[in-house]
Amino acid sequence: MGASGKPKLAVWKFASCDGCQLTLLDCEDELLDVADAVEIAYFPEATRAVVRGPYDISLVEGSITTPHDAERIHKVRRASKVLITIGACATAGGIQALRNFKNIHDFVSVVYAHPQYIETLGKSLPVADYVFVDFELRGCPINKVQLLEVLGAYLCGRRPNIPRYSVCQECKERGTVCVMVARGSPCLGPVTQAGCGAICPAYARGCYGCFGPKEQANPAALGQWWRDELAVRRRDVVRAFRTYNAYAEDFRREGERHEHADH
Ligand code: SF4
Ligand code: SF4
């Protein structure tokens, strides 16, 4: 608890675009209630004052990409009673995990004029690969209603109620006609966790998986169905699985399976 008698909240950034942290500021109508319930003790994106730890709840955005990150995340863990990772970068390595499929030195040598000054790790990895994480909130970016649910749940001492079913169920809930069935458009909805409200199919395009794999996803069946029924080329299946959640186990395996297939 802080001096105010409220639980102390900290928001940390690692390799990321800041979009998930900004989701907290996006809670316009609810922000005053959040500030009433917690002391925003560490949030450099939004406040100038820093209250020292330990913190009751830490929200961590971003993946671990440098030796400094790898050291700092342990300090964050030690300073936090509850550590919640937010967004595709922190939960799956993010779009920057595309480098995990190549040799990092090849990128560094062509991107930077003086690669000798660059200290980086070979892979961009989720926070849970380094420290214990109490809860992972998916999305690129996360959904603000889900963020408020997770914060509220931890403040009340219960598990967050975040659905693990697929985007397909959200299509059904909003009455969207399936784009794969009706239009033959490839869609990752059957293997992607709900949370966005099935936005993309509502605009007649397939889901490209920004909430990451759903619980017990079957990407192998979906990938094969795309190949057999929608005549999607192997390299396009690989590309579909390699976006924001490319290094999430289920998506990574399916991308690799098609990348290394003979035909
Ligand atoms: S459009 Fe995509 S997400 Fe919606 S029901 Fe069809 S396959 Fe599922
Ligand atoms: S890509 Fe999929 S998960 Fe992301 S907003 Fe579109 S429908 Fe939702």
Side-chain angles (χ1 to χ4, degrees), residues 16-24 26-27 61-63 85-98 126 135-150 160-233 236-255 258:
S16 57
C17 76
D18 289 23
C20 289
Q21 306 183 45
L22 290 177
T23 303
L24 188 56
D26 247 2
C27 297
E61 174 196 85
S63 66
T85 48
I86 55 171
C89 300
T91 60
I95 194 100
Q96 58 274 29
L98 289 174
F135 192 83
E136 292 187 312
L137 184 61
R138 302 266 188 76
C140 184
I142 54 171
N143 171 311
K144 78 169 192 177
V145 177
Q146 290 194 339
L147 176 62
L148 292 170
E149 160 61 17
V150 173
N161 183 14
I162 299 296
R164 298 293 187 203
Y165 51 71
S166 72
V167 174
C168 291
Q169 184 158 331
E170 295 188 307
C171 273
K172 305 297 172 287
E173 285 165 6
R174 66 186 290 167
T176 299
V177 174
C178 177
V179 299
M180 278 211 292
V181 173
R183 295 169 170 264
S185 305
C187 179
L188 286 180
V191 295
T192 299
Q193 183 172 299
C196 66
I199 298 171
C200 299
Y203 289 92
R205 57 151 298 159
C207 165
Y208 46 101
C210 62
F211 271 68
K214 75 183 260 288
E215 193 174 61
Q216 296 185 321
N218 189 348
L222 183 70
Q224 202 55 49
W225 199 82
W226 281 21
R227 294 273 298 135
D228 297 342
E229 305 297 327
L230 303 180
V232 177
R233 294 176 301 179
D236 292 329
V237 177
V238 176
R239 281 183 184 150
F241 282 104
R242 289 209 180 143
T243 59
Y244 316 97
N245 290 280
Y247 219 61
E249 176 73 9
D250 284 334
F251 286 8
R252 179 179 64 76
R253 252 190 292 117
E254 189 56 11
H258 287 273

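In listed order, ligands and their atoms are each counted from 1. On a predicted model such as this, the values are computed, not experimentally measured, just so you know. Along the sequence shown, residues are numbered consecutively beginning with 1.
A donor-acceptor pair is defined here as one N or O able to donate and one able to accept, closer than 3.5 Å; such a pair exists between the side chain of Thr23 and the backbone of Gly19. With hydrogens and angles disregarded, no donor-acceptor distance shorter than 3.5 Å links the side chain of Glu61 to the backbone of Ile86. A donor-acceptor pair under 3.5 Å is formed between the side chain of Asn143 and the backbone N or O of Gln146.
Heavy-atom contacts of Phe211 reach the following atoms of ligand 2: 3 (S) (cutoff under 4.0 Å). Every atom of ligand 2 with a heavy atom of Gly209 under 4.0 Å away is listed here by number and element: 1 (S), 2 (Fe).
The closest side-chain heavy-atom distance from Leu188 to Phe241 is below 4.5 Å. Using a 4.5 Å heavy-atom cutoff, the side chains of Leu148 and Cys27 are in contact. Two residues are said to be in side-chain contact when any heavy atoms from C-beta on lie closer than 4.5 Å; Met180 and Pro190 meet this criterion.
Distances from atom 2 (Fe) of ligand 1 under 2.8 Å pick out these protein N/O/S atoms: Cys187 SG.
The stretch residues 177-201 participates, sequence neighbours left out, in these side-chain hydrogen bond (donor to acceptor under 3.5 Å, both in side chains) pairs: Arg138-Gln193, Arg164-Gln193.
In this structure, SG on Cys171 lies 11.0 Å from CD1 on Ile199, to the nearest 0.5 angstrom.
For Lys172, the heavy-atom gap to ligand 1 drops under 4.0 angstrom.
Looking only at protein heavy atoms, the nearest one to atom 1 (S) of ligand 2 is Tyr208 N, 3.2 Å. Here the protein heavy atom with the shortest distance to atom 4 (Fe) of ligand 2 is Cys210 SG, 2.1 Å.
Among Cys196, Pro141, Ala88, Ala202, the residue whose heavy atom lies nearest to atom 8 (Fe) of ligand 2 is Cys196.
Of all heavy-atom pairs between Glu170 and Cys196, the closest is OE1-N, 3.6 Å.
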